[in-house]
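The basis for the numbers below is simple: all heavy atoms, side chains too, and nothing from hydrogens, waters or symmetry mates.
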Amino acid sequence: MEKRAFVSELILERLQGYLDNPQITENDKFFEIGADSVIIVRLRQEIEDRCEVDVFIEDFVNGNLISIEDLVSKVVSEMILDKPLPEESSSVFADNDSISI
């Protein structure tokens, strides 16, 4: 799987699950779809665990990351290029479906 597709699927699947909304797309904006600080913290942790990219809460609050596409682009641009993707399975969340904060 290509890195952009992996990151997009990771973020979209997780947000769709958190918000119980399968209609969420990369074009959506976080706070317009109902994401709140708890969801952002959970998503941030998932990205750091799976992609090894630091995402800062301030980027959401300050408006640097407004849309899901903004976040996908940031994560892809900061991923180590030659590092393989995490093990793939039928879902990018197969082994890490429950996260506590």
Side-chain angles (χ1 to χ4, degrees):
M1 178 182 279
E2 182 247 327
K3 288 188 182 196
R4 183 164 186 28
F6 173 81
V7 171
S8 179
E9 184 177 337
L10 174 82
I11 292 169
L12 287 173
E13 274 190 30
R14 190 48 87 195
L15 283 172
Q16 289 167 351
Y18 291 156
L19 297 167
D20 193 28
N21 181 351
Q23 304 302 315
I24 295 172
T25 69
E26 272 193 44
N27 297 322
D28 290 318
K29 294 179 173 72
F30 288 103
F31 298 111
E32 289 180 5
I33 60 172
D36 58 19
S37 59
V38 172
I39 289 172
I40 297 298
V41 168
R42 292 173 72 190
L43 181 62
R44 174 186 173 272
Q45 186 63 52
E46 185 77 34
I47 291 167
E48 289 181 4
D49 291 346
R50 300 295 303 250
C51 302
E52 297 182 11
V53 171
D54 291 328
V55 178
F56 301 102
I57 301 299
E58 295 81 15
D59 287 334
F60 293 95
V61 175
N62 296 335
N64 296 331
L65 296 174
I66 295 173
S67 70
I68 297 166
E69 182 177 19
D70 294 338
L71 179 59
V72 170
S73 295
K74 174 190 172 41
V75 172
V76 171
S77 72
E78 293 184 15
M79 286 178 77
I80 299 171
L81 295 178
D82 59 348
K83 185 173 180 167
L85 294 173
E87 287 297 315
E88 294 178 34
S89 61
S90 61
S91 170
V92 294
F93 306 106
D95 295 329
N96 200 8
D97 211 14
S98 64
I99 295 186
S100 60
I101 50 172

Can you measure from [atom1] ([X]) to [atom2] ([Y]) and round to the nearest 0.5 angstrom?
X	Y	atom1	atom2	result
Leu43	Glu48	CG	CD	10.0 Å
Ile24	Glu13	CD1	CD	12.0 Å
Arg4	Glu26	CZ	CD	4.5 Å
Arg14	Ile68	CZ	CD1	14.0 Å
Glu9	Gln16	CD	CD	9.5 Å

Pairwise side-chain contact, Leu15 with Phe30, heavy-atom cut-off 4.5 Å (strictly under):
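Answer yes - side chains close enough.
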Can you find a pair of side-chain heavy atoms, one from Asn64 and one from Lys74, that are under 4.5 Å apart?
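They are not in side-chain contact.
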How far apart are the closest heavy atoms of Gln23 and Asn21, and which atoms are they?
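So the minimum-distance heavy-atom pair works out to N-OD1, 2.8 Å.
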Search all heavy atoms of Met79 against all heavy atoms of Cys51 and return the closest pair with its distance.
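Closest approach of Met79 to Cys51, heavy atoms only: CG-O, 4.2 Å.
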With a cut-off of 6.0 Å (strictly less than), are more than 12 heavy atoms of other residues, nucleotides or ligands near CG of Asp20?
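Check fails, neighbour count at 12 or below.
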Answer yes when Arg42 and Glu46 have at least one side-chain N-carboxylate O distance shorter than 4.0 Å, and no when they do not.
no
Applying side chain to side chain contact (heavy atoms under 4.5 Å, CB included) to Asp28 and Glu32, what does each step give before you reach the verdict?
CA-CA 7 Å; Asp28 290 318; Glu32 289 180 5; over 6 Å; no
Should Val75 and Ile57 be regarded as members of a common hydrophobic cluster, given that ILVMFWY residues are connected when their side-chain heavy atoms come within less than 4.5 Å of each other, either directly or indirectly?
yes
Common cluster, Ile33/Val41, ILVMFWY with side-chain heavy-atom separation under 4.5 Å
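Both belong to a single hydrophobic cluster.
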Out of Ile40, Val53, Val55, Ile66, which one pairs with Leu71 under the side chain to side chain contact (heavy atoms under 4.5 Å, CB included) rule?
Val55
